[in-house]
K.L.:
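Below are the C-alpha cells for one structure; questions will follow.
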Amino acid sequence: MRRITVESMPIGGSVIPPGSLVLACVGAANRDPEFWGVDGDELRLDRPNAQQHLSFGAGIHHCLGAALVRLEARAVFTRFVRRFPEATIDELRWNGRINVRGPAELSISV
C-alpha cells in the first residue's frame, strides 16, 4: 500500500515529513509483536484478539467476499484436520511479494 503524507506523521520515535512516499506492508501488521505478543508470527486461532486481524480490511474497504472465504476456510481446514490429524508442514516458501504476500510452495506430509 502506497501513500503520500499530507502532514508530519510521528511514528516510532521518528517524524515522516509531509509529501513523503510511505509504503505500508499490511501483512506485517498481522505479525506485530506489540499487538499479538512474542509469537505474533505464528498462526494461533485461539488468541483472544484473533478476530482483530487486518486480512479483510475494514470500514468501506471491507472485503465483500470475507464471509464466504471464512466459511470456505473453516470447511476446508476442519475436514483436512479430521482426515489427516497427524499432518505436518515439511516446507513453506513465501512468494516474496510485498502487498499480496502468500505461500509460493507448501509441502505437507500426511
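Here, residue 1 is the first one in the sequence, and each next residue gets the next number. Please read all numbers here as calculations on a predicted model, not as lab measurements.
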K.L.:
With a sphere of 6.0 Å drawn around CD of Glu91, does it hold more than 12 non-hydrogen atoms of other residues, nucleotides or ligands?
P.N.:
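More than 12 heavy atoms, drawn from other residues, nucleotides or ligands, come within 6.0 Å of this atom.
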
K.L.:
For Ile11, does the CD1 atom sit with more than 12 other heavy atoms under 6.0 Å from it, leaving out its own atoms?
P.N.:
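Counting neighbours around CD1 of Ile11, more than 12 heavy atoms of other residues, nucleotides or ligands fall under 6.0 Å, so yes.
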
K.L.:
Using a 4.5 Å cut-off on heavy atoms from C-beta on, say whether the side chain of Val38 contacts that of Pro33.
P.N.:
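Answer no - side chains too far apart.
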
K.L.:
Applying a strict under-4.5 Å side-chain criterion to I, L, V, M, F, W and Y, I'd like to know whether Trp94 and Ile89 cluster together.
P.N.:
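Shared cluster, yes.
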
K.L.:
When you look at Phe35 and Asn49, which way does the side-chain contact (heavy atoms from CB on, under 4.5 Å) test go after all the steps?
P.N.:
CA-CA 9 Å; Phe35 185 81; Asn49 58 349; 3.3 Å; yes

K.L.:
Check whether any side-chain N or O of Ser20 sits under 3.5 Å from a backbone N or O of Pro17 as a donor-acceptor pair, and report yes or no.
P.N.:
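Such a contact is found between Ser20 side chain and Pro17 backbone.
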
K.L.:
Compare all side-chain heavy atoms of Val22 with those of Ile16 and state whether any distance is below 4.5 angstrom.
P.N.:
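Yes, at least one pair of side-chain atoms sits under 4.5 Å.
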
K.L.:
If you compare all heavy atoms of Glu42 against all heavy atoms of Arg47, which two are closest, and at what distance to 0.1 Å?
P.N.:
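It is O-NH2, 2.9 Å.
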
K.L.:
Set out, in order, the CA-CA distance, both residues' side-chain angles and the distance that settles side-chain contact (heavy atoms from CB on, under 4.5 Å) for Phe80 and Ile108, then state yes or no.
P.N.:
CA-CA 11 Å; Phe80 183 85; Ile108 299 175; 4.1 Å; yes

K.L.:
Hey, does Ser8 have a side-chain heavy atom less than 4.5 Å from the side chain of Val15?
P.N.:
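Yes; the side chains approach each other to less than 4.5 Å.
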
K.L.:
Any heavy-atom pair between the side chains of Thr78 and Val76 that's under 4.5 Å?
P.N.:
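The answer is no; the side chains never approach within 4.5 Å.
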
K.L.:
Are more than 12 heavy atoms, taken from residues, nucleotides or ligands other than Arg44, located less than 6.0 Å from that residue's CZ atom?
P.N.:
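Enclosed.
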
K.L.:
I'd like to know whether CZ of Phe77 has more than 12 heavy-atom contacts from other residues, nucleotides or ligands below 6.0 angstrom.
P.N.:
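No, not enclosed.
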
K.L.:
Of all the heavy-atom pairs spanning Trp36 and Ala50, show the shortest one and how long it is.
P.N.:
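Heavy atoms only, the tightest pair is CZ3-CA, 4.1 Å.
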
K.L.:
Salt-bridge test for Asp39 and Arg31: reply yes if a basic N is under 4.0 Å from a carboxylate O, no otherwise.
P.N.:
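A salt bridge is absent here (no side-chain N lies under 4.0 Å from a carboxylate O).
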
K.L.:
Starting at CG of Leu106, measure out to CZ of Arg93 and round the result to the nearest 0.5 Å.
P.N.:
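It comes to 11.0 Å.
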
K.L.:
For the CD atom on Glu86, are there more than 12 heavy atoms of other groups (residues, nucleotides or ligands in this structure) within a distance under 6.0 Å?
P.N.:
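Atom CD in Glu86 is not crowded, with 12 or fewer foreign heavy atoms closer than 6.0 Å.
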
